Peer 1: 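Have a look at this one before I ask anything.
None of the values given here were measured: they were computed from a predicted structure. In what follows, every heavy atom counts, from backbone to side chain, and hydrogens, waters and symmetry copies are set aside. Starting from 1, each residue takes its place in the sequence as its number.
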Amino acid sequence: LRFGAKSAPHTGQPIDARVQVKKIVPNAEIAFGQSLVPIGDTVHISFSGIDVVLNTTRAQCFDRSMFDVMGINPEEKDILIIKSTNHFYQSFEKIAREIIYCSAGSPYPNDPTTTKYLKAPQNIWPLVENPFENKEI
């Protein structure tokens, strides 16, 4: 199976691996607060001792339900890699010994101050630290 590295030109090389399909869930959904978010047809694969969840609808991993729906107990794993900017934090901070942020480079930078906002006002956070400073509210 070839997977990964399909979202933007500078996201690295895809992974080519012989995989075992562990579970397939058509039209899967994950939790985001009190809402359910469709993530499309979803598969749990495994290779070289690594479990991976792949889904057909682009969506961040908001919650541990991404693993639960695929039959993976995240608390049994030594390491979890979550593809999300920060929406995952509330769910995973309860079970993580440590959370380490990693920059994937592009298409969306981890540091919002590096985003070249084209239409946003220039006096907003993160472009200015405190946008309300010296203003009456």
Side-chain angles (χ1 to χ4, degrees):
L1 178 69
R2 172 171 278 187
F3 61 97
K6 295 178 183 161
S7 63
H10 304 290
T11 55
Q13 296 300 311
I15 296 171
D16 292 310
R18 180 172 291 281
V19 305
Q20 178 182 15
V21 175
K22 301 275 201 134
K23 185 172 184 178
I24 298 171
V25 177
N27 302 310
E29 296 177 319
I30 59 171
F32 185 37
Q34 298 300 313
S35 301
L36 289 176
V37 177
I39 60 170
D41 297 337
T42 304
V43 63
H44 168 193
I45 62 170
S46 180
F47 69 100
S48 301
I50 301 169
D51 291 300
V52 178
V53 176
L54 302 172
N55 55 295
T56 57
T57 300
R58 186 182 301 258
Q60 294 185 43
C61 178
F62 304 116
D63 183 271
R64 66 173 286 151
S65 63
M66 172 72 82
F67 295 100
D68 296 335
V69 75
M70 298 312 298
I72 300 169
N73 182 347
E75 293 180 55
E76 293 176 352
K77 300 297 178 185
D78 293 327
I79 297 172
L80 294 172
I81 298 174
I82 310 297
K83 188 177 175 184
S84 181
T85 49
N86 202 47
H87 297 86
F88 70 93
Y89 191 90
Q90 184 176 6
S91 180
F92 289 97
E93 64 97 16
K94 298 170 189 166
I95 63 170
R97 184 173 48 247
E98 180 180 11
I99 292 178
I100 301 169
Y101 287 87
C102 174
S103 174
S106 62
Y108 185 79
N110 285 51
D111 180 356
T113 62
T114 63
T115 300
K116 293 181 178 16
Y117 298 98
L118 300 177
K119 296 183 180 183
Q122 298 302 298
N123 64 342
I124 61 168
W125 183 90
L127 302 178
V128 294
E129 185 60 33
N130 185 352
F132 300 108
E133 190 172 81
N134 301 323
K135 291 185 180 184
E136 289 184 32
I137 299 176

Peer 1: How far apart are the closest heavy atoms of Pro14 and Ala5, and which atoms are they?
Peer 2: N-CB, 3.5 Å

Peer 1: Report yes if some heavy atom in the side chain of Asp63 is under 4.5 Å from a heavy atom in the side chain of Phe88; otherwise report no.
Peer 2: no

Peer 1: Look at the side chain of Asp41 and the backbone N and O of Thr56, then say whether any donor-acceptor pair between them is shorter than 3.5 Å.
Peer 2: no

Peer 1: How long is the gap from CG on Asp68 to CG on Asn73, to the nearest 0.5 Å?
Peer 2: 7.0 Å

Peer 1: How long is the gap from OG on Ser46 to NZ on Lys22, to the nearest 0.5 Å?
Peer 2: 4.5 Å

Peer 1: Under 4.5 Å between any side-chain heavy atoms of Val37 and Glu29, yes or no?
Peer 2: no

Peer 1: What class does the angle between the rings of Phe47 and Phe3 fall in, given that below 30° is parallel, 30 to 60° is tilted and above 60° is perpendicular?
Peer 2: perpendicular

Peer 1: Determine the interplanar angle of the Phe62 and His87 rings, folded into 0 to 90°, and report it as parallel if under 30°, tilted if 30 to 60°, perpendicular if over 60°.
Peer 2: perpendicular

Peer 1: So Cys61 and Phe92, do their side chains get closer than 4.5 Å, heavy atoms only?
Peer 2: yes

Peer 1: Side-chain heavy atoms nearer than 4.5 Å, only ILVMFWY residues, links allowed to pass through others: does that put Leu1 and Ile24 together?
Peer 2: yes

Peer 1: Does Tyr101 share a hydrophobic cluster with Met66, counting links as ILVMFWY side-chain heavy atoms below 4.5 Å and allowing steps through other members?
Peer 2: yes

Peer 1: Could you tell me whether a side-chain N or O of Ser91 sits under 3.5 Å from a main-chain N or O of Arg64, the two making a donor and an acceptor?
Peer 2: yes

Peer 1: Answer yes or no: is there a donor N or O on one side and an acceptor on the other, between the side chain of Lys23 and the main chain of Val69, under 3.5 Å?
Peer 2: yes

Peer 1: Quick check: is Ile82 connected to Ile39 through a chain of hydrophobic side chains (ILVMFWY, heavy atoms under 4.5 Å apart)?
Peer 2: yes

Peer 1: Kindly give the heavy-atom pair with the smallest separation between Ile72 and His44, and that separation in Å.
Peer 2: CG1-CE1, 3.4 Å

Peer 1: Do other residues, nucleotides or ligands put more than 12 heavy atoms under 6.0 Å from the CD atom of Gln13?
Peer 2: no

Peer 1: Distance alone, cut at 3.5 Å: any donor-acceptor contact between the side chains of Asn55 and Thr57?
Peer 2: no

Peer 1: Could you check if a side-chain atom of Ile15 sits within less than 4.5 angstrom of a side-chain atom of Arg2, using non-hydrogen atoms only?
Peer 2: no

Peer 1: Assigning hydrophobic clusters by single linkage (Ile, Leu, Val, Met, Phe, Trp, Tyr; side-chain heavy-atom cutoff under 4.5 Å), is Val53 placed with Ile79?
Peer 2: no

Peer 1: How about Phe67 and Asp51: do any of their side-chain heavy atoms sit closer than 4.5 Å?
Peer 2: no

Peer 1: Taking the side chain as every heavy atom from C-beta outward, state whether Leu36 and Ile30 have any atom pair closer than 4.5 Å.
Peer 2: no

Peer 1: Is the shortest heavy-atom distance from the side chain of Pro74 to the side chain of Ile95 under 4.5 Å?
Peer 2: yes

Peer 1: At their closest point, which heavy atom of Val25 faces which heavy atom of Met70, and how far apart are they?
Peer 2: CG2-SD, 3.7 Å

